[in-house]
**Student:** 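A single structure is presented below for examination.
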Amino acid sequence: MITLLNCGAFSCSKEDGRENQDSVLLPQSKGNGYILAVADGVGSYEGAKEIADLAVYNLSRLVVDDVLDPNVALSQIKKSITDYVKINTHHVKAATTLSYCYVDADNLHIVHVGDTRIYLKVGDKLKLLTKDHTQHQELMDEKIYTKKELSSLDGKNTLTSAISKWLDLKFQHLVIPFEEAMDNHDEVSLFIMSDGAHSFWEKRPRLSINTISSPSGFSSSLMRRILRVGADDDFSLVAAKFKR
Amino acid sequence: MELRGNYIIKPVGVIGNGAFGRVEKVDIFNTAGFFSGSYARKVLAVDARLIGELVSLEDWKERFEREVRYQARCTHSNIVPIYIHHLKTENPWFVMDLAETDLRKEIWSGLLSDDDKLIILKKLLVGVNHMHEKNLLHRDLKPENILKFPGENYKISDFGLVKNTDTAAQSAFLSHVLAEKEIGMGTPDYMAPEAKKGKYTPRTDVYALGVIINELNLSHVKGIDEMEEKATSYRPAGRYESVQQMLDKLASILTRRKS
C-alpha cells in the first residue's frame with residue numbers, strides 16, 4: 001500500500017467567465033494505488049471541454065487492470081468519445097490530450113497522449129517524464145530543426161496526437177519502479193500540468209526546495225506566478241506526494 | 001452554354017478528371033457572338049467519398065475559393081492567370097489559359113535541350129519567387145503543375161494547396177494530420193522532410209524545386225548538382241534561404257556557361 005501525503009491542484013480558464021477546457025482527476029484511490037490525470041480539450045473545435053471531461057470521467061471509472069493497460073484504457077476512452085460525437089454531431093471534430101499516472105507500491109505507470117506533461121521530483125528539480133506529441137517535438141526528434149531554429153517558427157502547439165474519433169491511438173507508456181522514482185524519505189512526488197501551466201513553469205523552472213517538496217505549496221506558487229503574469233491558455237495542475 | 005458577365009462559355013471537351021473535379025476545354029464568345037478564344041475551365045465536382053463529417057462540401061468550396069483568390073492575386077507572366085470565375089454556384093469554376101502540355105510530358109519527351117531546361121528553370125524560379133514575395137507557399141510544386149503555353153511560355157498552376165504564410169492556420173490543431181487523413185497533402189517525392197510533418201516554410205518549396213532540378217537531368221552543367229544538393233538538404237537550415245538565392249546561383253551558372 002502507499003499513502004497520499006500531500007496534494008495540490010488547480011484548473012482554471014484563461015480568463016474569468018470563459019469556459020475551462022481542461023479537466024483534472026485529483027488523486028483517486030483505486031485498487032492498491034492512486035490515479036491522477038489532466039486532460040486538455042483541444043480548443044480549435046467545438047466540444048473540447050465535453051471531450052476532456054468525458055476522458056477524465058471514463059478514466060476514473062476504469063478498473064485497475066484496464067488502467068494499467070494503456071491500449072485498453074485509451075481504447076475505452078476513445079470509444080466513449082466516438083459514442084458521444086455520434087449523438088452530438090456538432091462536436092464531431094473534438095479531441096483531447098490526456099496524461100495520467102497510476103502509482104502503487106511497486107511502480108509508477110505513466111500514460112500520455114498530447115502535450116500535457118508529467119514531471120517527477122528529483123532533488124530540487126522536476127524531471128520531465130513525458131515527451132510532447134507536438135509538431136515541434138517531432139521535428140527535433142527527426143533532427144530536421146534544432147530547438148533554437150524552431151523558436152522563431154510557429155506551430156509550437158500543433159499536436160500530432162490526441163484522443164479523437166478520427167485519430168489512431170498514439171501514446172507514450174512508461175513503467176518506473178517505485179524505488180527508482182523515490183526521492184527523499186521513500187517518497188514520490190508527481191506533477192501533471194496542462195500546457196497552459198507547464199509553459200509558465202518552463203520559463204523559470206525553479207522554486208525553493210521547501211516549496212517544490214510540497215505539492216500544495218508548489219501548486220499555490222505556480223498558480224500565483226501564472227495569475228501575476230496573466231494566463232495565455234487554460235491552466236491546470238495536479239500534484240501529489242506519496243509514501244510507501 | 002453558360003453566360004457569365006459579358007461572355008458565353010461553351011464546353012467543348014474534358015481535358016482531365018480527378019477526385020476534386022474536372023478540367024474542361026471551353027470556347028468563349030462575347031455576347032455579340034464573336035469567338036474570343038479557347039480556354040481551360042477548372043470545375044469543382046468533389047467525389048462523394050471525399051465529403052464526410054470531417055470535410056464538408058462547404059469546406060471544399062472554401063478551399064476552391066481560396067485557390068482562386070490566391071492564384072488571382074499573382075499577376076505574373078510565369079503564373080497561370082485566372083480570367084473569369086463563378087464561385088457562388090453548385091459547382092464553382094474558373095477559366096484560365098489553355099495549356100499545350102506540362103513539364104512532366106516535356107521531360108518524358110526527351111526533346112528539351114539543356115538551354116531549354118535552363119530557361120524553363122529560370123521561369124519556374126521567377127514564378128515561385130513572385131509567390132513567396134506575395135507571402136504564398138505553393139506546397140505542391142512538381143513538373144505536372146508547370147504548364148507550357150504557346151511561345152515557350154511556362155507557368156505555374158494548381159494553387160489547390162497554396163497557403164498564406166501570414167495566417168495562423170498553420171498552428172491549427174492537427175490540421176495537417178486530419179487533412180492528410182482525409183485528403184492527402186502534397187506529393188511525397190517533392191515534399192521536404194518537415195513538410196511530411198506538416199511544417200511549411202518557403203524552404204519547403206525550395207526543396208521541391210531541388211527535386212525538379214534533379215528531374216531536369218542537368219548534372220553535366222557545372223554548378224547544377226551543387227544547386228540541387230543545397231536545395232534538397234535534409235535540414236531546412238542547409239537549403240537556400242529564398243528562391244531569390246537560387247536565382248542568383250542560376251545566374252552565375254548561366255554566366256559561366258556563356259563564357
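Here is how names work: the chains are called A, B, and so on, in the same order as the sequence lines, proteins then strands, and each is numbered from 1.
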**Student:** In terms of heavy-atom proximity below 4.5 Å to chain B, should A/Thr146 be classed as side chain, backbone, both, or neither?
**Tutor:**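 Contact with chain B involves both backbone and side-chain atoms of A/Thr146.
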**Student:** Evaluate the ring planes of B/Phe64 and B/Phe94, with Trp represented by its six-membered ring, and classify them as parallel (under 30°), tilted (30 to 60°) or perpendicular (over 60°).
**Tutor:**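 Answer is tilted, since the angle falls between 30° and 60°.
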**Student:** Can you pull out the residues in residues 229-255 of chain B with any heavy atom less than 4.5 Å from chain A?
**Tutor:** B/Tyr234, B/Arg235, B/Pro236, B/Ala237
**Student:** Picking from A/Lys143, A/Glu142, A/Glu138, which has the most non-hydrogen pairs under 4.5 angstrom with chain B?
**Tutor:** A/Glu142
**Student:** Given a strict heavy-atom distance threshold of 4.5 Å, which part of A/Ile144 is in contact with chain B: side chain, backbone, both, or neither?
**Tutor:**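 Both parts, backbone and side chain.
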**Student:** Contact part of A/Glu149 toward chain B, heavy-atom cut-off under 4.5 Å: side chain, backbone, both or neither?
**Tutor:** side chain
**Student:** Just checking, is any N or O donor in the side chain of B/Glu106 or B/Tyr154 under 3.5 Å from an acceptor N or O on the other one?
**Tutor:**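 Yes, side-chain donor-acceptor contact under 3.5 Å.
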**Student:** Measuring only between side-chain heavy atoms, which start at C-beta, is A/Phe218 closer than 4.5 Å to A/Trp201?
**Tutor:** yes
**Student:** Using distance alone, with no hydrogens and no angle criterion, decide if A/Asn88 and A/Glu50 have a side-chain donor and acceptor under 3.5 Å apart.
**Tutor:**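 There is no such pair (donor and acceptor under 3.5 Å, judged by atom type) between the side chains of A/Asn88 and A/Glu50.
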**Student:** Using the ring centroid of each side chain, check whether A/His112 and A/Phe171 are separated by less than 6.0 Å.
**Tutor:**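 Ring centres of A/Phe171 and A/His112 not closer than 6.0 Å.
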**Student:** For A/Leu68, which residues count as a side chain to side chain contact (heavy atoms under 4.5 Å, CB included) partner, sequence neighbours excluded?
**Tutor:**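 Per chain and number, A/Leu68 pairs via side chain to side chain contact (heavy atoms under 4.5 Å, CB included) with A/Val64, A/Tyr102, A/His109.
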**Student:** Do B/Asp59 and B/Ser56 get their side chains close enough for a donor-acceptor pair, meaning under 3.5 Å?
**Tutor:**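 There is such a pair between these side chains.
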**Student:** Do the side-chain N and O atoms of A/Asp234 and A/Ser194 include a donor-acceptor pair separated by under 3.5 angstrom?
**Tutor:** no
